[in-house]
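The structure appears below as C-alpha cells.
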Amino acid sequence: MTGVRVLKNYINGEWVDSQTDTFEDVVNPATGEVIAKVPLSTRAELDEAAAVAAEAFKVWGKESTPKRGRLLFRLQNVLLENTEELARLITLENGKSLADARGEVQRGIENTEHAASIVNLYMGDTIANAASDVEVSNYRYPIGVVGCITPFNFPMMVPFWMFPMAIAAGNTVVIKPSEKTPLLMEKIVDLTEQAGFPKGLLNVVYGAHDVVNGILQNPLVKAVSFVGSEPVGRYVYQEGTKHMKRVQALTGAKNHTIVLNDADLDDAMPKILGGAFGSAGQRCMAAAVLTVEDGIYDEFMARFVEEAKNIVIGDGMDDSTFLGPVIRKENQQRTFDYIEKGIAAGATVTLDGRENIPENGFFVGPTILENVTVEMDIWKDEIFAPFVSVIRVKDLREAVDVANTHELANGACLFSNDARSIRYFRENIDAGMLGINLGVPAPIAWFPFSGWKNSFYGDLHTNGKDGLNFYTHTKVVTAQYNTKSF
Ligand SMILES: NC(=O)c1ccc[n+]([C@@H]2O[C@H](COP(=O)([O-])OP(=O)(O)OC[C@H]3O[C@@H](n4cnc5c(N)ncnc54)[C@H](O)[C@@H]3O)[C@@H](O)[C@H]2O)c1
C-alpha cells in the first residue's frame, strides 16, 4: 500500500491505525484515480469507539446547555473559515460540481448554527397550572452514545444533520461515514479539534455491513441515525429496533415533478434541469420522474431536451462544470443497463447518457426516456443518476395518482401558478418534502426533513425541533406545591 495514504480511525481524540486487513479505495470519480485507502474498521475498534464515547458522555451529558451551544458556535466559525477547502474536498471524492459542493457546505454550517441555537430554547416544557396548584414540567435529557451512519452523496450535509444536534442535546457520537467519501469526515474532525471538542465527544470508524452491525448491536449505543438507500435503511431500522435502539432511517427516493399547462416554463426550466441533473441526479430530492400535462407536453419537452443537450459535463473542479460523474464505475454501468431495460420495456430514449461523455472517470450524460409507465423498472427503481423518466398525463389528478403509486415518497414538486392546483397537490400528494415552483426544495435546518412510506423508517425526523427530540428522552415531573396554605 505504498504511495497512497491510508486513513485512520479517530477514537478518543487520537488518529489510530486500524488493525483490519480489509481496505477500500477512495477514488476520484472524475478521473478514476485512487486518492486514499480507507480501512473497513474491525468490530473491536467500533466497540472501543463506543466505550470511549460512553465514558465521555459521563462528563458531556452533564455540561450546561449554553456550554454545549458555545462549542457548536465555535465549530460554526471554524467551518466558515474553511468553506472553500471543504467544498473542494467534497468535489474531489464525490464528483459533484463545485457550485453544488459549496451549497452543501452552507447547509452543513446552517445545521451547526441551528443545533447551537435551539438547545437553549427547547430542552423542556412546563404547564404552570395543570390542576389545582399542580405544575407539570417535561425535562429533556441526552440519551447517551449515538451512532451515525451516512451516505456518499452528501458527505458534509448529512453528518451535519446528525452530530451537531446529538452533541447539542448532550450526547456523544460514533460516526461511520460512507467508505466512498471518508475524506470529508477526516477534515471535519480536524475542524472540531480547532473548535475545542473534548476527547471522546466525536469518534469515527469506517466500513459497511460488519461495522454497522457493530453499531446496531452494541449495548452502549442508545440511538442510531441512518441516511442511505432503502434496503440498507430497512435493515438498519429492523436490526436496530430488534436491539432496542431508537432508530431513524431516511432512505431512498423517487421524486415526481409535475408540470401543469399553466407552468411558467422560463422560470421552471432551469429549476427542473437542476433538479434532474444537479449532483448527477445523486440526491434524495432529485427530479427522477417528470409527469407533464398533455397541453404543455410538446413545448416543454422540446425545450427540456434542447437545454439538457447543452449541459456542460466534466470534472466538478472546473467551475464551468454543471454535471460531474456518478460515484463509481458500477453506478455508471448500472445506469447504462437501465437505459437498455427501459428500451426493452417499451420506453423511448430521447437523450442517451452513454453518448458524448468524457472518456476517463464515471460519467453519465443527461438521460431522458419518454413513454415510461408505472410497470417499468426504470420507474420503480431508484436509479440515482442523471436519468429522467417522463410520463405524459392528462391532468393534475392523474399526475398525483402516479406519484402516489410509488413507495419511495420522499419528495414531490409542482410547477403551476394556480392556487387551486397548488392546494390540491399539497392536500393529496403522499410525500414528505414538497416543492412549489421549485425543482428541489433544499433541506432547511429549522424544519423537519424526511419522506413518507418507505422513504423513512422511525418516529422522529431529522432537523427542526424533532431533531432535538430524537436525541433526548424526557422526565415528566408533576408537583403539587400546596401554596394555598400561604
Ligand atoms: N432520505 C434522505 O434524506 C436521503 C438523503 C441522502 C441520501 N439518501 C439515499 O442514500 C442513498 C445513496 O447513498 P449510498 O449509496 O451511500 O447508500 P447506502 O445505503 O449504500 O449506504 C449508506 C450507509 O450504509 C452503509 N452500508 C452500505 N451497505 C450496507 C450493508 N449491506 N449493511 C450495512 N450498512 C451498509 C454504507 O457504508 C453507508 O455508510 C440513496 O438511496 C439516497 O436516496 C437519502
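Atoms within each ligand, like the ligands themselves, are counted from 1 in listed order.
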Taking only heavy atoms of [X] into account, list the atoms of ligand 1 that are under 4.0 Å away from them.
X: Ile149; result: 23 (C), 24 (O), 39 (O)
X: Val212; result: 33 (C), 34 (N)
X: Gly252; result: 41 (O), 43 (O)
X: Val227; result: 4 (C), 5 (C), 6 (C), 7 (C), 8 (N), 22 (C), 44 (C)
X: Ser178; result: 39 (O)
X: Leu250; result: 1 (N), 2 (C), 3 (O)
X: Gly207; result: 37 (O)

Under 6.0 Å from the CG atom of Asp459, do we count more than 12 heavy atoms belonging to anything else shown?
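Count not over threshold, so no.
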Other residues, nucleotides, ligands: >12 heavy atoms within 6.0 Å of Phe447 CZ:
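Result for CZ/Phe447: open.
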Minimum heavy-atom distance [X]-[Y], with the two atoms named:
X: Lys245; Y: Val224; value: CD-CG2, 4.0 Å
X: Ala115; Y: Ala168; value: O-CB, 3.5 Å
X: Tyr471; Y: Ser225; value: OH-OG, 3.3 Å

Are the aromatic ring centres of Tyr235 and His209 under 6.0 angstrom apart?
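Yes, ring centres under 6.0 Å apart.
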Please indicate whether any nitrogen or oxygen in [X] is less than 3.5 Å from any nitrogen or oxygen in ligand 1.
X: Glu179; answer: yes
X: Trp161; answer: no
X: Gly228; answer: yes
X: Ser229; answer: yes
X: Glu382; answer: yes
X: Thr150; answer: yes
X: Phe384; answer: no

Protein contact of [atom] - nearest heavy atom, named by residue and atom, plus distance:
atom: atom 1 (N) of ligand 1; answer: Thr251 O, 2.8 Å
atom: atom 7 (C) of ligand 1; answer: Asn153 OD1, 3.2 Å
atom: atom 4 (C) of ligand 1; answer: Cys284 CB, 3.1 Å
atom: atom 14 (P) of ligand 1; answer: Phe152 CD2, 3.6 Å
atom: atom 24 (O) of ligand 1; answer: Phe226 CE1, 3.5 Å
atom: atom 13 (O) of ligand 1; answer: Pro151 CB, 3.2 Å
atom: atom 32 (N) of ligand 1; answer: His209 ND1, 2.8 Å

Mutual orientation of the aromatic rings belonging to Tyr338 and Phe387 [parallel < 30°, tilted 30-60°, perpendicular > 60°]
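The rings of Tyr338 and Phe387 stand perpendicular, inter-plane angle above 60°.
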[X] and [Y] ion-paired at < 4.0 Å:
X: Asp319; Y: Arg102; answer: yes
X: Asp100; Y: Arg283; answer: yes
X: Glu14; Y: Lys8; answer: no

State, without any angle test, whether Glu230 and Tyr457 hold a side-chain donor-acceptor pair at a distance under 3.5 Å.
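Indeed, the side chains of Glu230 and Tyr457 share at least one donor-acceptor pair under 3.5 Å.
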Can you find a side-chain donor-acceptor pair between Asn94 and Asn153 that sits under 3.5 Å?
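Side-chain D/A pair, Asn94 to Asn153: absent.
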Just checking, Lys254 and Phe384: is the charged tip under 6.0 Å from the six-membered ring centre and within 45° of the axis?
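Checked: cation-pi criterion not met.
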Tell me whether the NZ or CZ atom of Lys37 lies within the 45° cone about the ring axis of Phe23 and under 6.0 Å from its centre.
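No, a cation-pi geometry is absent between Lys37 and Phe23.
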Residue selection (non-hydrogen contact nearest atom 28 (N) of ligand 1) among Val232, Asn255, Leu40:
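When every heavy atom of Val232, Asn255, Leu40 is considered, Val232 comes closest to atom 28 (N) of ligand 1.
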Please verify whether a non-hydrogen atom of [X] lies at under 4.0 Å from ligand 1.
X: Tyr235; value: no
X: Gly451; value: no
X: Phe449; value: yes

Could you tell me whether atom 17 (O) of ligand 1 has at least one protein heavy atom nearer than 4.0 Å?
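There is a protein heavy atom less than 4.0 Å from atom 17 (O) of ligand 1.
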Under 4.5 Å between any side-chain heavy atoms of Thr112 and Leu79, yes or no?
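SC-SC contact between Thr112 and Leu79 confirmed.
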